[in-house]
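Below is one structure, written out as structure tokens; the observations come after it.
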Amino acid sequence: MTGDGPAAPGVEAPGSPPVVVAVDGPAAAGKGTLARRLAREMGLPYLDTGLLYRAVARQVLLRGGVPTDAAAAETAARALRAEDLARDDLRGPDVDQGASQVAAIPAVRAALLDFQRGFAARHGGVLDGRDIGTVVCPDAAVKLFVTASAEARAERRWREREGRGEEIPFAEVAAEMAVRDARDAARDVAPMRPAADALLLDTTGLDVEAAFHAAWKLVRLRLG
Ligand code: DC
């Protein structure tokens with residue numbers, strides 16, 4: 001399906017601004033897999049913006065701080081280095097919550113904004129996060145807001161964690177996710193919400209392939 005029809009939508013006419021695709025939505029909605037695949041399909045770079053907040057939280061924790069400490073989190077955000085993003089300990093439950101906590105601090109968001117905008121402005125890209133369509137790239141050519149039922153998302157995350165060898169009750173995973181999503185949606189600065197011109201994609205009941213095809217259809221629709 002992806003190889004047929006007109007050229008990939010990411011292919012630009014000379015002189016046109018680089019194509020930016022914003023993929024926002026709550027935890028475990030399938031954004032990352034989808035965004036990565038769209039980027040590959042469109043020949044665009046991919047940026048997982050959640051990783052920035054995760055790396056900030058990890059740096060704060062490594063220094064013995066707490067992610068709700070605004071000064072410590074801002075210092076960590078301003079000092080963030082490429083190698084901090086390449087760590088293999090950015091996906092545990094402590095960092096899940098910590099990332100969401102540092103992400104509610106305005107100075108942290110401000111410190112990370114230029115990098116994200118610069119990334120998109122240089123070559124275009126597919127960026128996934130919570131505020132890409134609303135704040136980071138409000139002029140993105142395509143904005144997807146990817147969601148799924150709370151039950152389906154919690155189940156995905158629970159399976160992921162069980163697959164990593166963790167033994168954890170489903171209810172605990174669901175509760176942690178609910179706390180994080182509520183915090184991400186309720187914060188004062190750049191809360192998670194669909195942009196007014198976002199296309200909504202509900203991935204409940206869709207596997208990775210079906211979710212990609214649904215998203216690809218929306219991208220092509222938007223880019224003509
Ligand atoms: O996408 P993720 O689960 O890796 O993101 C981790 C946390 O980072 C998430 O709970 C909220 C925050 N985040 C954000 O506030 N804005 C973004 N653009 C991306 C992530």
Side-chain angles (χ1 to χ4, degrees), residues 1-2 8-12 17-55 85 90-91 96 99-100 103 109 112-113 115-150 152-153 156-157 160 177 180-181 183-185 187 189-224:
M1 168 180 178
T2 56
V11 176
E12 300 153 29
V19 172
V20 175
V21 178
V23 181
D24 290 305
K31 303 184 302 290
T33 310
L34 197 59
R36 212 173 272 117
R37 176 90 184 265
L38 284 173
R40 204 168 65 225
E41 211 63 46
M42 298 173 78
L44 292 172
Y46 164 65
L47 180 64
D48 171 1
T49 66
L51 212 52
L52 302 173
Y53 295 94
R54 288 177 177 276
L85 304 177
L90 300 181
R91 301 245 165 234
D96 285 352
S100 168
R109 303 201 73 85
L112 300 178
L113 192 56
F115 172 77
Q116 296 172 81
R117 286 192 173 150
F119 181 97
R122 264 191 303 284
H123 306 292
V126 181
L127 286 78
D128 86 53
R130 303 292 187 289
D131 64 335
I132 307 303
T134 50
V135 174
V136 177
C137 301
D139 298 326
V142 185
K143 298 178 186 177
L144 300 180
F145 193 84
V146 182
T147 184
S149 72
R153 293 186 296 107
R156 285 175 197 166
R157 186 50 49 88
E160 227 175 83
M177 185 175 284
R180 185 151 74 100
D181 285 340
R183 189 191 295 113
D184 293 343
R187 65 183 176 226
V189 56
M192 168 179 70
R193 61 177 171 77
D197 52 350
L199 298 165
L200 303 186
L201 174 60
D202 188 333
T203 65
T204 310
L206 301 184
D207 64 14
V208 167
E209 202 56 27
F212 168 71
H213 286 307
W216 185 243
K217 219 180 208 171
L218 294 176
V219 168
R220 292 173 76 116
L221 181 79
R222 198 36 70 86
L223 292 180

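Reckoned from all heavy atoms, side chains included, excluding hydrogens, waters and symmetry mates.
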Give a yes or no answer on whether the side chain of [X] reaches the backbone of [Y] with a donor-acceptor pair at less than 3.5 Å.
{"X": "Asp207", "Y": "Ala210", "result": "yes"}
{"X": "Thr204", "Y": "Ser149", "result": "yes"}
{"X": "Lys31", "Y": "Gly25", "result": "yes"}
{"X": "Arg153", "Y": "Ala28", "result": "no"}
{"X": "Thr203", "Y": "Leu206", "result": "no"}

Practice item. Decide yes or no on side chain to side chain contact (heavy atoms under 4.5 Å, CB included) for Leu127 and Val21, but give the supporting numbers first. Key: CA-CA 6 Å; Leu127 286 78; Val21 178; over 6 Å; no
Kindly give the heavy-atom pair with the smallest separation between [X] and [Y], and that separation in Å.
{"X": "Asp181", "Y": "Ala27", "answer": "OD1-N, 3.3 Å"}
{"X": "Ala120", "Y": "Pro18", "answer": "O-CG, 4.1 Å"}
{"X": "Val23", "Y": "Ala35", "answer": "CG2-CB, 4.1 Å"}
{"X": "Phe119", "Y": "Tyr46", "answer": "CZ-O, 3.6 Å"}
{"X": "Val146", "Y": "Ala29", "answer": "O-CB, 3.3 Å"}
{"X": "Phe145", "Y": "Ala198", "answer": "CB-CB, 4.2 Å"}

Nearest-0.5 Å distance that lies between atom [atom1] in [X] and atom [atom2] in [Y]:
{"X": "Arg187", "Y": "Asp131", "atom1": "CZ", "atom2": "CG", "answer": "6.0 Å"}
{"X": "Leu34", "Y": "Leu144", "atom1": "CG", "atom2": "CG", "answer": "7.0 Å"}
{"X": "Thr49", "Y": "Leu112", "atom1": "OG1", "atom2": "CG", "answer": "9.0 Å"}

Contact between [X] and [Y] at the side-chain level, heavy atoms closer than 4.5 Å - yes or no?
{"X": "Leu44", "Y": "His123", "answer": "no"}
{"X": "Arg222", "Y": "Leu218", "answer": "no"}
{"X": "Asp24", "Y": "Asp128", "answer": "no"}
{"X": "Arg157", "Y": "Asp96", "answer": "yes"}
{"X": "Arg183", "Y": "Met192", "answer": "no"}
{"X": "Pro194", "Y": "Leu200", "answer": "yes"}
{"X": "Phe115", "Y": "Leu47", "answer": "yes"}
{"X": "Lys143", "Y": "Leu199", "answer": "no"}

Point to revise | Sidechain N-carboxylate O distance under 4.0 Å for Arg36, Glu41 | key: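 Salt bridge flag = no for Glu41 with Arg36.
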Practice item. Would you tell me whether Ser100 and Arg54 have side-chain atoms, one donor and one acceptor, within less than 3.5 Å of each other? Key: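 No - no donor-acceptor pair under 3.5 Å links their side chains.
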Check your understanding: Can you tell me if Arg109 and Tyr53 form a side-chain donor-acceptor pair at under 3.5 Å?
Key ->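 Yes, because at least one side-chain N or O of Arg109 sits under 3.5 Å from a partner of the opposite role on Tyr53.
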Check your understanding: What's the verdict on side chain to side chain contact (heavy atoms under 4.5 Å, CB included) for Glu209 and His213, showing C-alpha distance, side-chain angles and the deciding distance?
Key -> CA-CA 6 Å; Glu209 202 56 27; His213 286 307; 3.3 Å; yes
Exercise for review: Apply the test side chain to side chain contact (heavy atoms under 4.5 Å, CB included) to residues Leu223 and Val142: give CA-CA distance (whole Å), side-chain angles for both, the deciding distance (0.1 Å), then the verdict.
Suggested key: CA-CA 7 Å; Leu223 292 180; Val142 185; 3.7 Å; yes
Review point. Going by the angle between their ring planes, with limits at 30° and 60°, are Trp216 and Phe212 parallel, tilted or perpendicular?
Key: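 If you compare the ring of Trp216 with that of Phe212, the planes turn out parallel.
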Practice item. May I have the step-by-step check of side chain to side chain contact (heavy atoms under 4.5 Å, CB included) for Leu201 and Thr147, ending in yes or no? Key: CA-CA 6 Å; Leu201 174 60; Thr147 184; over 6 Å; no
